[in-house]
Each structure stands twice: as C-alpha cells, then as structure tokens.
Amino acid sequence: AATARTRETVRFILAGSGINVPAVVMNGVMCYDLGKDELIMANYISPSAASVIAEVDDRCGLSGFLYLLKDGRLVISYKRLESKTSQAFVEERVRKYNKKFTKVEDFATEDVVSFCAAEPREILDPAAEMLKKCHDLTVSYHRDVYDTGLWYLDVCAKGVSKKSAVEALRKKYGFDRVVAFGDNHNDLPLFEAADECYAVGNAVENLKSVATGVIGENTDDGVAPLAVFFKKVFYPFNTLFFDFECVKHIITFKNFTQT
C-alpha cells in the first residue's frame, strides 16, 4: 500500500488480509513492514520548520492536525476543532480505528513528522502560500476528488513523497518491478516511481494523463483483476503499490492475497 493514511489505520484495515508487504504511509512520511509489524523508516520535520507550521496554523485559524512520532508511537494533536470537516475527521477515526487526539495550547516543534488540514479553498489558500515559502517543507495542496468543495493541505519534511519512499523500498528490498494504482493528485509522485501505473476510471484527469492505462472505477473493484494478473505473472519479482482510496473495498485486498 502507498497511502496518505497512518500506519495505525493501515494495520486496522488490512487485519486478517494476509498482506505482509512494505507499506508507504502518510504520503511517504513513514514506511512500515506489515509482516514484521515494525517501522522501516521515518522522516522528521526540523524544529524550525515545525515552528513555521505552528505560526501559520495560528495566523490562518486552521483546524489542523499535527502528527508526532515519539518512541515509535504516533501522537496526533490539535489546537481547535472549529470546522465541521475537522470534527467529522476526528469522530470517524475515533469510532472506526480507536485513535486518540490530544488538544494542546501550542504545537510541539520536536518529533514532528506531518501536518494536515482540510478546509474550503478560501481558508487554505493563504496557509498553503505561506508554508510553500519554507524551503524545509514539502507542501501538497489539492482539491478533494470526491468532495470538490473541500481542499486538502498536507505538509511533511523536504523531499518526502510517495516517490521517495517507494524508491527507498525498491533499493532496500531489491524490487525488480513496481506497479502502481492511484486516483488522486498525491499519487503523481507514486506514478513517477513506478515502471507501470494505472489510474482508476474516476481518478483526477491529470493522473489519467500520465498513467500507463485507465482501468475500472474504484467503486467497482477496478483494481482487483489487474492486481491478480500482475501477482500471477510477475510475483515475486514485482511489488504492487495501491493508494487506499483507489481500492474501496477490503474484499479486493483479500481477493488479491488469496488468489
């Protein structure tokens, strides 16, 4: 998997699936070995860059979330939950994945790995512009493919992306071939790292334009048949990286694993 989701969510979603390949989580911030249940690598934001994030969050009044990795444990903090989107974000993750969120007066500047916010564009535009001026940060800013009134802001350390993470895993494990599937803007770096890349039918247009091919929509399990084909033909010489949002149903993972 190569996903914007955290390793805790990945572990929960894939529980019982039998999948034990390395996972790229949080858009390349961390890589996680599902088989050994251990962290492979993590990329931290410098304290000075984390201070910039805290300042921008305050100046723009964002309902953002700061992610820290302390002693191998992910800690999620926030300063305010003023938007319905942020409230729903917390509620869903507490209910589905038993995650914990901590309200703080000030954001930490040590052990920071990521920051994210989801708001209407008029709120996030100024924040994105300010954060892009910090050369120690990678800023991903794009419209939600499923809710066009919502924009996503994801911030991590300089040079971090799904591409950099997949390239590191390819080198570490000696993967001969990488095949990727995706649906959104943050999958463009993933596609750059792949030998073949496939966009689902309801993916954003700029992803389709660079894909090796366009397959069925994620809501129709469009990835599953091609994933099974690649596993049969090339395994164990290739690895498949899925963006979680392009594979909507857990049965797809089970089909892929058991075939």
Side-chain angles (χ1 to χ4, degrees), residues 1-15 23-30 32 53-54 56-69 73-108 112-128 130-131 139-156 162 182-187 200 202-204 207 217-219 242-253:
T3 176
R5 295 175 183 264
T6 65
R7 60 177 177 162
E8 286 75 13
T9 302
V10 171
R11 281 190 299 189
F12 181 90
I13 292 176
L14 294 184
V24 174
V25 298
M26 300 176 69
N27 287 326
V29 168
M30 293 187 284
Y32 188 68
I53 293 173
V56 170
D57 181 82
D58 276 337
R59 288 181 61 182
C60 298
L62 303 180
S63 294
F65 299 92
L66 193 73
Y67 292 78
L68 287 71
L69 186 64
R73 184 174 63 92
L74 197 65
V75 178
I76 312 172
S77 60
Y78 67 92
K79 288 191 283 188
R80 61 189 72 82
L81 289 180
E82 296 179 356
S83 69
K84 291 183 178 179
T85 301
S86 63
Q87 293 166 12
F89 180 90
V90 171
E91 187 278 330
E92 179 186 32
R93 282 152 182 79
V94 170
R95 173 173 48 84
K96 285 186 176 181
Y97 312 121
N98 197 32
K99 284 189 177 180
K100 293 183 179 180
F101 293 79
T102 304
K103 190 178 189 307
V104 297
E105 291 297 322
D106 299 295
F107 276 153
V112 177
V113 292
S114 181
F115 173 81
C116 72
E119 307 270 10
R121 185 174 184 176
E122 60 269 19
I123 296 176
L124 282 186
D125 265 359
M130 285 184 240
L131 290 168
V139 179
S140 175
Y141 182 47
H142 58 86
R143 186 196 300 267
D144 184 7
V145 67
Y146 302 108
D147 181 355
T148 56
L150 201 62
W151 285 68
Y152 278 100
L153 177 66
D154 288 297
V155 184
C156 53
K162 290 183 179 181
D183 69 331
N184 213 336
H185 302 278
N186 63 349
D187 293 316
V200 291
N202 51 336
V204 293
L207 195 69
E217 296 189 0
N218 57 354
T219 50
F242 303 89
D243 173 75
F244 263 32
E245 296 307 313
C246 83
V247 187
K248 284 293 188 181
H249 309 295
I250 190 65
I251 189 64
T252 297
F253 288 104

Report summary line: Nearest heavy-atom approach of G64 to A117 is CA-CB, 4.0 Å
Requested in this report: Indicate the ring-plane relationship of Y97 and F12, choosing parallel, tilted or perpendicular according to the 30° and 60° boundaries.
Outcome: perpendicular
Requested in this report: Measure from the side-chain N and O atoms of K79 to the backbone N and O of V104, and report whether any donor-acceptor pair falls under 3.5 Å.
Outcome: no
Query raised in the report: Can you name the nearest heavy-atom pair linking K162 to N186, along with the distance?
Result: CD-O, 3.5 Å
**Report entry** Side-chain touch Y152/H185, heavy atoms, less than 4.5 angstrom
**Finding:** no
**Report entry** Partners meeting salt bridge (charged side-chain N to carboxylate O under 4.0 Å, His left out) with E82 (sequence neighbours left out)
**Finding:** none
Report task. Could you tell me which non-hydrogen atom of S83 sits nearest to which non-hydrogen atom of A118, and how far apart they are? Result -> OG-O, 4.5 Å
**Report entry** Residue pairs passing the side-chain hydrogen bond (donor to acceptor under 3.5 Å, both in side chains) test where at least one lies in residues 113-125, sequence neighbours excluded
**Finding:** R121-D125, D125-Y141
Query - Gap between atom CD1 of I76 and atom CG of L68 - 0.5 Å precision - result: 10.0 Å
Requested in this report: Tell me, please, which residues at least two apart from S140 pass side chain to side chain donor-acceptor pair (under 3.5 Å).
Outcome: none
Query raised in the report: Minimum heavy-atom separation for S86 to S63, with atom names?
Result: OG-CB, 3.4 Å
Query raised in the report: Distance from M30 atom CE to Y67 atom OH, nearest 0.5 Å?
Result: 10.0 Å
**Report entry** With sequence neighbours excluded, residues passing side chain to side chain donor-acceptor pair (under 3.5 Å) with K96
**Finding:** E92
Query raised in the report: Roughly how far apart are K100 NZ and L74 CG, rounded to 0.5 Å?
Result: 13.0 Å
**Report entry** Residues which pass side chain to side chain donor-acceptor pair (under 3.5 Å) with Y32, listed by chain and number, not counting sequence neighbours
**Finding:** R11, D37
Report summary line: Rounded to the nearest 0.5 angstrom, the NZ-CD distance for K84 and E91 is 14.5 Å
Report task. Check V94 against K99 and note the closest heavy-atom contact, atom names and distance. Result -> CG2-O, 3.4 Å
Requested in this report: Kindly indicate whether the side chain of I53, heavy atoms from C-beta on, has any atom under 4.5 Å from the side chain of L131.
Outcome: yes
Query raised in the report: Do the non-hydrogen side-chain atoms of V25 and T6 ever get within less than 4.5 Å of each other?
Result: no
Query raised in the report: Can you check side-chain contact (heavy atoms from CB on, under 4.5 Å) on D57 and F115, steps first, answer last?
Result: CA-CA 10 Å; D57 181 82; F115 173 81; 3.5 Å; yes
Query raised in the report: By ring pair (Phe, Tyr, Trp, His ring centres under 6.0 Å), which residues pair with F89, not counting sequence neighbours?
Result: F65
Report summary line: CG of L62 to CZ of R80, rounded to nearest 0.5 Å, is 7.0 Å
Query raised in the report: Which heavy-atom pair separates V139 from A128 by the least distance, and what is that distance?
Result: CG1-O, 4.5 Å
Query raised in the report: Taking atom OG1 of T3 and atom CG of D187, what is their separation to the nearest 0.5 Å?
Result: 8.5 Å
